[in-house]
Protein chains: 2
Amino acid sequence: MTNAGATTPARRRSDRRAPTKSDLTRERIVAAAAHVLARRGYAGTKLSDIAERAGLRAGSLYYHFADRDALVDHVVQQGVAETERHVVAALAALPTGSDPLSRLQAAVRAHLEAILDIGDVSSAGLQLLRQLPPELQRRYRAAQRSYGQVWDDVIRAGQTAGAIRSDMDPVRLRLFVIGQLNWVAEWPVSARGKRADLVDEAVELVTHGVVPR
Amino acid sequence: MTNAGATTPARRRSDRRAPTKSDLTRERIVAAAAHVLARRGYAGTKLSDIAERAGLRAGSLYYHFADRDALVDHVVQQGVAETERHVVAALAALPTGSDPLSRLQAAVRAHLEAILDIGDVSSAGLQLLRQLPPELQRRYRAAQRSYGQVWDDVIRAGQTAGAIRSDMDPVRLRLFVIGQLNWVAEWPVSARGKRADLVDEAVELVTHGVVPR
DNA sequence: GTCTATACGACGATAGAC
DNA sequence: GTCTATCGTCGTATAGAC
């Protein structure tokens, strides 16, 4: 018997019932897959490595996922979704009427924190993009679009209000900023320093650049 | 007969004799390998794909390289080396006594141009880093160190002169800046706009950040 | 739910003809 | 220098026992 298709009967976010054994194993598998994907790339990710890390045998993965690509897709989708949730929550937590620059800074902070905390699955681990087969790439881009929208709204509002420079296309501005943060995932851990300092520095640099104030 | 070991007898940079047929094929192979590596990752790069792109059969690659890893290593090394040459040349081309901020801006410009022009082999395509087997990773890091040194010298000089903010570790500053530029390789081509504009914007953003001046 | 066993296809690498 | 042919290995996926 297999359970591989949709996540067992249709399970919604509002379903708060206790996780079954299957749910827990599934989560371990996804975490393991994210870990391996982040270091070995799409093609280098072997089911046997994922299985070993999750504490079972390769063949057993097929009870939980239809095939390798279904698992990869799940990881990739969850990565963007979680990052987006983190950023949206940070924006929502700001006092109403916060100035536009503060909103951008909050987004920077939240995005970088997502990379540092859930780097394996976050959008950063997802320089996988180019390696994915066309169908997965398509699905991933769709998820990215939704997340990009969050940023573009913040940036555009800031430009309208005069708090963010208007001499640059908002999309390119976003790509530059997010890219700077994403690359932190590639840093040697030894260079990262204290988490709080790193985040503060990123915000400072995005805001004012390398020139002294 | 094979030629796979060192590049035929010891050939030095000063040897300016006409390239043999073997040299030319070798170059095609390296370019093809860079292309495939940049999109498929380390494990996803198949010799048959490289060979097809270079216009020969998979088996024939072994005349030019000892094995798959020797070819990958060559591409990776050449990527850092060419990027470094580009940046060093740009710095050398500045008028003597140029101010430290201008030097940093020239480096930004040159690094980004390298990514745009030789992206497949440049250091950007080399988010491969984490995917490489330990030995190749070690060799790659060594090459990176030399290149990082170029940047660190520029940044430190700027900080000493008061032209670059001194409240940040120069290494982290470098990683932030280079990361921002490297990520451009991941941008959809459609978002890049005109090359000259893109480069100007990058310099502006690195220098002054997102706040209007 | 997870295991073992196995069918099957790819890919890296070598040998030897041309 | 490049080709064709082939061997060996490894990884995905399936079948069926427990």
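Remember, it's a predicted structure, so these values are computed and weren't measured experimentally.
Residue A:Leu61 contributes atom CG, which lies 12 Å from atom C1' of C:dC3 at whole-angstrom precision. Protein atom NZ of B:Lys21 is 7 Å distant from nucleotide atom C1' of D:dT2, rounded to whole Å. Whole-Å rounding puts the B:Arg28 CZ to D:dG1 P distance at 12 Å. To the nearest angstrom, P of C:dC18 lies 17 Å from CZ of B:Arg57. When rounded to the nearest whole Å, the span between NE2 of B:His64 and P of D:dG1 equals 8 Å. The CZ-C1' distance, from A:Arg68 to C:dA10, rounds to 13 Å in whole Å. Between the NZ atom of B:Lys46 and the P atom of C:dG12 there is a distance of 8 Å, rounded to whole Å. Rounded to whole Å, atom P of D:dA17 lies 19 Å from atom OH of A:Tyr63.
One finds a side-chain N or O of A:Thr25 lying less than 4.0 angstrom from the OP1 or OP2 phosphate oxygen of C:dT2. Dashed line: the shortest gap from a side-chain N or O of A:Tyr62 to OP1 or OP2 of D:dA13 is under 4.0 Å. For B:Ser60, no side-chain nitrogen or oxygen approaches OP1 or OP2 of D:dG1 to under 4.0 Å.
In this structure, A:Trp183 and B:Trp183 have perpendicular ring planes: the angle between them is above 60°, well past the 30° mark.
For B:Asp67, whose side chain is taken as the heavy atoms from C-beta onward, the closest listed nucleotide among C:dA13, D:dT2, D:dA13 is C:dA13.
Between the side chain of A:Arg53 and the main chain of A:Ser48, no donor-acceptor pair closer than 3.5 Å is present. For B:Arg26 (side chain) and B:His64 (main-chain N/O), a donor-acceptor pair under 3.5 Å exists by modelled atom type. Remark: side-chain polar atoms of A:Gln78 are not paired, donor with acceptor, to backbone N or O of A:Ser122 under 3.5 angstrom. At distances below 3.5 Å, at least one donor-acceptor pair connects side-chain atoms of A:Gln137 with backbone N or O atoms of A:Leu129.
Side-chain contact check for B:Glu84 and B:Ser146: at least one donor-acceptor pair (N or O, by modelled atom type) lies under 3.5 Å.
Comparing the helix axis at one end of the helix from C:dG1-D:dC18 to C:dC18-D:dG1 with that at the other, each defined from 5 consecutive pairs, gives an inter-axis angle of 10° (nearest 10°).
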List the steps and the verdict of side chain to side chain donor-acceptor pair (under 3.5 Å) for A:His111 and A:Asn182. CA-CA 8 Å; A:His111 184 91; A:Asn182 284 350; 2.7 Å; yes
